[in-house]
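First the structure, in the form of structure tokens, and then the observations on it.
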Number of protein chains: 2
Amino acid sequence: MPNATFFNLPEAKRQGIIDCAIAEFAIADYDSASISNIAKQAKIAKGSFYQYFADKKDLYLHLIDLATQQKIAYFKASRPPESEIGFFAYLRWLFRASTQFELIYPALGQIVHRAFYSDLPFHDEVLKRTQMASSGYIRELVKQGIDRGDIDASVDVELAVFILSTLVYRLRDFIPQQLDLTPAQLAQDQLSPDNRTAIEQIFGQLVRVLEQGMGRSPTPTPPQSSSSQTQTH
Amino acid sequence: MPNATFFNLPEAKRQGIIDCAIAEFAIADYDSASISNIAKQAKIAKGSFYQYFADKKDLYLHLIDLATQQKIAYFKASRPPESEIGFFAYLRWLFRASTQFELIYPALGQIVHRAFYSDLPFHDEVLKRTQMASSGYIRELVKQGIDRGDIDASVDVELAVFILSTLVYRLRDFIPQQLDLTPAQLAQDQLSPDNRTAIEQIFGQLVRVLEQGMGRSPTPTPPQSSSSQTQTH
DNA sequence: CAGTCATATGACCGGTCGGTCACATTTTGG
DNA sequence: CCAAAATGTGACCGACCGGTCATATGACTG
């Protein structure tokens with residue numbers, strides 16, 4: 001955790017440092033990110049930086065905390081629908097909110113992504129701080145969905161969590177690619193109505209595929225799909 | 001491309017250098033990976049390294065090439081089923097072969113992954129060398145699947161490619177997690193029969209979800225799913 | 001044997017890194 | 001108003017980086 005001195009800093013200065021740090025860790029992984037560069041960009045002396053933060057790791061973990069806090073806050077502010085609306089409608093909201101967050105705060109998304117999928121010396125420590133917030137959240141949703149009968153009970157919870165959390169996260173890459181925009185453009189510009197509807201169509205199709213794939217099927221038991229007979233190599 | 005000198009090296013020495021390089025680029029991103037360390041691990045002088053490779057980028061692009069070649073070779077050697085078998089059965093083979101590759105050569109997988117999802121100075125150059133081999137391959141499969149009527153024609157090709165290539169890749173993380181093994185253990189040990197069947201069940205469930213979700217549905221048109229009505233925020 | 005040429009080597013270069021510290025400056029409060 | 005405490009600063013440290021190069025070593029040719 002940053003020093004008390006840091007939190008007593010004028011709001012603008014403190015936020016400036018954090019912004020520069022976020023930008024740096026978004027474009028470089030933990031080892032490559034440069035404290036010297038952060039200090040230069042934030043227009044503070046390097047010595048000052050080390051009066052706020054014990055070391056590089058201290059700053060990094062603080063950024064991870066900030067990112068998860070910010071994501072949770074954003075989700076709460078996005079007015080999640082009542083869970084009575086049903087699992088897949090809720091899921092659609094989740095896709096939308098998550099994508100919006102990733103587009104508004106692409107750097108935070110990038111940092112969290114890197115925290116998950118690259119090998120830090122203290123990888124475990126980071127996972128503890130972020131795990132609950134993402135896949136744990138989706139896991140609860142899935143369990144509810146099964147209890148309510150929205151999701152077919154034969155679907156393994158962990159598999160469903162895997163599919164959903166993977167897709168939720170990867171929309172961040174897919175949507176800019178489909179809209180022929182760089183993520184940066186998408187983040188800055190206001191979305192044109194055309195793009196908005198295009199994005200909604202993606203959400204719609206994705207939810208439809210998932211609902212057909214995992215939803216409680218009207219026909220009671222199609223026990224074995226035509227192609228899932230075990231085939232060893 | 002490495003120098004001719006490099007290719008004239010004794011097989012063992014050349015492969016040793018490549019192995020060390022792969023290990024290094026697997027645990028560190030492009031900037032952090034250290035040529036000095038590769039030379040040290042491979043027990044050659046740094047000067048020798050620079051007689052084989054023009055620079056760091058030269059080595060890196062060579063590794064990318066090797067990785068894609070190796071993956072293609074592995075797939076061909078895995079005896080792909082006839083495409084007449086149907087899209088989803090083929091998909092199951094693809095899941096299996098891809099997961100096996102990732103578990104046998106985790107470092108190569110890691111390097112390619114990083115090439116895709118982190119920001120190199122020459123990101124475009126890398127994508128050109130790998131694009132065809134992964135999502136391009138899946139895209140062709142999807143198109144065939146639609147033509148044959150295995151996949152519902154209302155499913156957007158790019159969305160299907162997105163879903164499939166994302167899941168194919170992420171199985172690499174999901175399966176070790178489900179089996180409570182580290183990827184390293186999974187890569188080294190022979191799989192127990194229990195684990196084998198567990199993995200096959202994962203493939204089976206995954207294919208089933210996808211087949212129900214994207215497959216040509218027996219009912220002609222369920223035009224609007226219960227939850228996909230557009231809901232703006 | 002000598003001479004030539006490809007290859008191997010590690011000291012060395014300029015630069016950047018994370019982190020420190022003696023000192024300058026500002027803020028505090030009695 | 002001044003001393004003491006808090007905060008700001010950038011030169012400096014040892015380590016390591018990618019890359020170079022003069023030189024050493026060995027292998028081929030005549």
Are [X] and [Y] packed together at the side-chain level, in the sense that at least one heavy-atom pair is separated by less than 4.5 angstrom?
X: A:Y30; Y: A:V126; result: no
X: B:F162; Y: A:I202; result: no
X: B:L59; Y: B:F49; result: yes

Separation of atom [atom1] in [X] from atom [atom2] in [N], rounded to whole Å:
X: A:N3; N: C:dG19; atom1: CG; atom2: P; value: 15 Å
X: A:L59; N: C:dG19; atom1: CG; atom2: P; value: 10 Å
X: B:N37; N: C:dG10; atom1: CG; atom2: P; value: 16 Å
X: A:K40; N: C:dT16; atom1: NZ; atom2: C1'; value: 10 Å
X: A:D29; N: C:dC17; atom1: CG; atom2: C1'; value: 14 Å
X: A:Y60; N: C:dG18; atom1: OH; atom2: C1'; value: 17 Å

side-chain contact (heavy atoms from CB on, under 4.5 Å) evaluation trace for B:L159 with A:Q178: CA-CA 9 Å; B:L159 185 78; A:Q178 276 308 92; over 6 Å; no
[X] near the nucleic acid: base, sugar-phosphate alone, or nothing, with a heavy-atom cut-off under 4.0 Å?
X: A:Y52; answer: sugar-phosphate
X: A:K13; answer: sugar-phosphate
X: A:A33; answer: sugar-phosphate

Residue whose nearest DNA chain C nucleotide is more 5′ - B:S48 or A:D55: B:S48
Closest-nucleotide 5' rank along DNA chain C - winner of B:L9 and A:S36: B:L9
Salt bridge present between A:R92 and A:E200 (N-O < 4.0 angstrom): yes
Contact interval (first through last nucleotide) of DNA chain D with protein chain B, 4.0 Å heavy-atom: D:dC17 to D:dC21
A:S135 OG to A:E140 CD distance, which is reported to the nearest 0.5 Å: 10.5 Å
Steps toward side-chain contact (heavy atoms from CB on, under 4.5 Å) verdict (B:Y169, B:S165): CA-CA 6 Å; B:Y169 181 73; B:S165 56; over 6 Å; no
C:dT20 OP1/OP2 closer than 4.0 Å to side-chain N/O of A:Y50: no
Distance below 4.0 Å between A:K56 side-chain N/O and C:dG18 OP1 or OP2: yes
